[in-house]
Amino acid sequence: MHGLKRTGWTVFFGMLPALLIYTGIALVPIGMSLYYSFFSWDGLSPMRHVGLHNYISTLTDGVFWKGVGNNLFMLATGIFGQLPIGLFFALLLNRSLKGIKVYRSMLFLPVVISAVIVSIIWGMVFKIESGMLNGLLGLIGLESWQQDWLGSPKLGMLSVSITYIWQNYGFFMVIFLAALQNIPQEMREAALMDGASGWKHFWYVTLPMLKDTIWVTLIFAISNSFRVFDLIYVMTAGGPAHNTEVMTIYMYNNAFQNMNFGYGSAVSMLILLFSLIAIYAAKLITQRNR
Amino acid sequence: MKYCVTITNIRKGSDLVKSSIFKTVLIAASAALLLSGCGGATGGEGNRQGNEKKETVTLTMEYNWSSPNADNLYYKERIKQFEEQNPDINIEAQDIPSAQYRTKLRTEAAGNSMPDMFILFPAVEMEPYIAADVLMPIDEIMDEWKGILPPQALAGFNVNGKQYAIPTKMTFVDIIYYHKDLLESVGYKEFPATYSEFLEMAKKLKAAGITPIVMGNKNRWPMQSSFISAVGDRFAGSDFLQKVIQGEAKFTDPDYVNALNTVSELVNLEAFNADINTMDEVQQQDYFLQKKAAITITSSTIDTKFRAGNTDKAAAENIGIALFPAVEGGKGDPTKSAGVIQYGIGLSKGLSDAKKEAAMKFLKFFYAPELYTTLMSKGIVVPALVETPADTTPYLKEMLELTKNGSAVVFDSVMQPALKDAMENGIQAILTKQKTPEQVAKELQDTMDKNRR
């Protein structure tokens with residue numbers, strides 16, 4: 001290992017291009033947003049310093065908190081929807097089966113499709129007259145359940161989340177599948193000899209072996225849920241009446257539609273803050289469970 | 001660190017990652033990066049060359065003519081004609097969906113990357129551009145339209161005595177279209193003249209199993225623009241919104257609360273289609289044409305789709321037009337329609353001399369009298385004083401007759417974006433029964449007060 005002493009610098013130079021790009025497209029804009037968030041600015045006329053006013057009016061706006069609530073809803077569907085479903089399919093696919101590759105590709109497909117297309121397809125599913133969901137309900141005699149899924153104040157978020165789960169479970173499936181294939185075959189055999197099969201095997205052998213992977217996917221699920229925008233924007237644009245609005249859409253509406261870039265910047269700083277809190281909380285739980 | 005472990009796991013373990021899908025995605029992603037990089041570079045070069053050689057001038061342009069309306073198609077045709085006649089001028093146009101257009105243009109203005117020519121919205125929408133001083137006046141060529149465009153057609157694009165654009169058409173946003181036979185089937189030979197009769201008719205239609213009114217409010221502006229503009233005018237009068245802006249009246253005044261209450265009354269009757277908040281405006285038109293609803297309220301431009309350009313002549317003949325009926329104790333004139341001038345092409349202030357010359361030449365060609373006569377023969381109301389063409393349809397004559405009594409105020413043509421936003425979300429909240437008209441009126445007034453500060 002003759003290069004051992006230089007390793008630090010080698011790593012640094014190796015990472016330099018990535019670091020520069022990251023600074024340019026992530027750190028600098030975040031700094032600029034922080035700066036803008038103390039101003040009232042419509043993008044065209046001169047900027048006016050307003051101190052913390054943007055933060056105060058965001059935090060006292062009920063619509064913003066509704067967005068926070070909806071974000072938490074998305075967070076919950078990410079964790080309790082995408083992860084279990086991803087794991088479920090990973091377990092199913094983790095065996096030798098004829099045409100396994102076809103199944104794997106099929107189940108992974110939603111991740112590859114663009115969010116806009118996904119939204120349009122599911123928008124059709126949820127349509128009131130020609131929608132597939134209402135059609136199915138009609139077939140099994142549940143006409144009374146038929147409704148305008150995306151337009152309903154009560155079920156709008158749920159309908160959006162179903163799409164969100166469908167779009168993303170495949171990503172977690174791949175991660176789980178990789179982890180499953182890494183569990184040594186000997187473990188399985190040893191467990192079988194000890195009499196652990198089926199559920200017991202899953203609970204006492206597979207799940208503990210996946211622990212690290214589960215924490216990683218948890219972090220992904222949290223950060224994804226705070227970033228969600230395109231899916232909701234195309235399906236409902238946050239409507240009707242802010243019912244499906246998340247923080248990112250609130251930010252977009254204020255910054256770009258109402259031309260208040262200072263206010264929008266303040267909202268995006270708050271989004272950053274909330275995501276960091278959520279991820280930090282997840283990290284704490286992780287460490288305690290180690 | 002955990003992150004790295006997982007990635008290696010994927011590498012080692014999964015066939016999927018090795019499979020062609022993953023590779024394809026990678027290739028596609030990198031190709032997209034490369035392509036977008038190249039695209040940017042060539043675009044820049046093209047512009048530079050255009051300026052240096054002085055032979056071909058390239059003008060960039062943005063418009064919101066993506067819906068297949070009769071006039072939109074004709075505008076694009078005119079641009080093509082202009083390019084054919086002027087091989088030395090090249091127009092690079094981008095067609096942007098209407099719902100996103102204003103946001104895009106404003107953001108470009110903020111980022112100092114406006115196109116050379118762009119569709120400009122009149123009145124309140126122009127204010128930020130005027131304040132930022134990014135528009136070029138076109139007074140030097142205004143003689144071209146002397147005697148063709150009357151002052152009221154130009155007023156919306158005129159600020160402090162300077163003209164910044166001229167309109168192609170006059171759009172009335174609140175035209176009620178109805179199927180004559182469906183109304184007749186519940187006993188109405190003519191469209192009701194009062195609001196209470198209108199409600200009565202809605203009840204009868206509902207009882208007969210016909211959806212009374214279809215609206216496609218997914219993009220939120222239809223109810224604000226086509227419905228509230230007219231109803232607000234009926235209840236509170238045409239000067240109300242201006243008074244609110246000046247602080248002499250409030251949205252919480254009983255007149256305006258009553259106007260918002262009409263939405264609530266119609267919702268309680270279930271007069272609208274159930275998917276009003278998830279249907280868009282084009283689906284709304286089709287729903288109406290398929291006779292799934294008796295009435296729809298939309299702009300005068302759509303008349304060409306419903307009637308003049310409709311291949312089913314009997315169906316076209318069966319569609320009648322009307323304005324929102326009179327309301328009891330209302331302060332507005334029930335014969336007024338809410339109209340705005342549309343599609344002025346504005347120029348960026350930063351144009352070079354060569355580009356400016358080309359742009360002016362384009363405007364003279366584009367807005368030539370033949371534009372207005374052709375639009376009229378397509379059944380579209382224009383603000384110009386041109387000879388009515390011989391092939392004017394009876395439908396256009398009927399529309400001109402209906403809208404001749406002056407114009408009521410279109411809500412978002414005078415209200416700031418924040419107010420438009422509050423109104424649109426407020427109406428949706430009434431439609432979903434989450435808020436009362438009183439609550440919405442109060443929110444509107446709060447937004448108004450906050451905005452004024």
Side-chain angles (χ1 to χ4, degrees), chain A residues 41-46 57 63 93 100-101 104-105 107-109 111-112 123 126-129 131 146-153 156 173-175 177-182 212-213 215-217 219-220 235-243 245 252-261 286, chain B residues 2-3 5-17 19-22 24-25 28 99 102-104 106-107 109-111 128-134 217-220 273-279 283 287 292 416-418 420-421 424-435 450:
Chain A
W41 183 43
D42 67 358
L44 293 170
S45 32
S57 39
V63 179
L93 291 179
I100 189 83
K101 279 192 176 168
R104 282 180 188 170
S105 306
L107 285 165
F108 187 69
L109 206 57
V111 184
V112 186
F126 289 128
K127 259 197 166 63
I128 192 163
E129 268 184 27
Q146 290 179 345
Q147 56 184 303
D148 188 18
W149 294 93
L150 288 172
S152 147
M173 182 190 80
V174 174
I175 296 181
L177 191 58
L180 282 174
Q181 295 192 338
N182 249 16
D212 277 349
T213 314
W215 293 128
V216 175
T217 52
I219 303 282
F220 274 129
M235 282 182 100
T236 64
H242 303 298
N243 279 317
E245 196 163 299
Y252 175 82
N253 283 343
N254 279 294
F256 295 99
Q257 289 196 317
N258 297 349
M259 290 298 276
N260 202 338
F261 289 106
T286 319
Chain B
K2 273 169 290 170
Y3 184 89
V5 170
T6 334
I7 298 295
T8 19
N9 283 352
I10 295 175
R11 285 275 153 74
K12 261 192 269 171
S14 166
D15 298 354
L16 187 79
V17 175
S19 82
S20 54
I21 289 189
F22 194 79
T24 322
V25 174
R102 297 183 207 199
T103 309
K104 181 166 161 57
R106 278 193 301 232
T107 313
Y129 299 106
I130 297 290
D133 197 20
V134 292
N217 200 39
K218 183 187 177 188
N219 293 324
R220 298 181 209 171
N273 48 315
D275 51 353
I276 176 166
N277 285 323
T278 47
M279 184 185 271
Q283 289 165 336
Y287 197 91
K292 289 179 180 169
Q416 297 288 346
K420 169 180 185 276
D421 195 48
E424 292 177 354
N425 281 301
I427 294 174
Q428 284 197 327
I430 299 177
L431 287 170
T432 51
K433 298 190 185 177
Q434 288 177 295
K435 278 180 191 151
K450 223 200 275 176

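Because the structure is predicted, anything quoted here is derived from the model rather than measured. Letters go in sequence order (proteins before strands), and every chain restarts at 1. The basis for the numbers below is simple: all heavy atoms, side chains too, and nothing from hydrogens, waters or symmetry mates.
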Under 4.5 Å from any heavy atom of chain A - which part of [X]:
X        : answer
B:Arg220 : side chain
B:Lys104 : neither
B:Asp421 : side chain

Might you point out which heavy atoms bring [X] and [Y] nearest each other, and give the distance in Å?
X        : Y        : answer
B:Ala274 : A:Asp148 : O-OD2, 3.7 Å
B:Ala429 : A:Ala241 : N-CB, 3.3 Å
B:Thr278 : A:Gly151 : CG2-N, 3.5 Å
B:Pro128 : A:Asp42  : CB-OD2, 4.5 Å
B:Gln428 : A:Pro240 : OE1-CA, 3.0 Å

One should read off an interatomic distance between B:Asn277 CG and A:Asn243 CG, to the nearest 0.5 angstrom, of 9.0 Å

- Do the non-hydrogen side-chain atoms of B:Thr103 and A:Tyr252 ever get within less than 4.5 Å of each other?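 B:Thr103 reaches A:Tyr252 side chain to side chain.
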
Side chain, backbone, both or neither: which part of A:Phe126 has a non-hydrogen atom closer than 4.5 Å to chain B?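 Interface part for A:Phe126: neither.
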
Check your understanding: Would A:Lys127 and B:Gln283 satisfy side chain to side chain contact (heavy atoms under 4.5 Å, CB included), going step by step from the backbone distance to the final call?
Key -> CA-CA 12 Å; A:Lys127 259 197 166 63; B:Gln283 289 165 336; 3.0 Å; yes

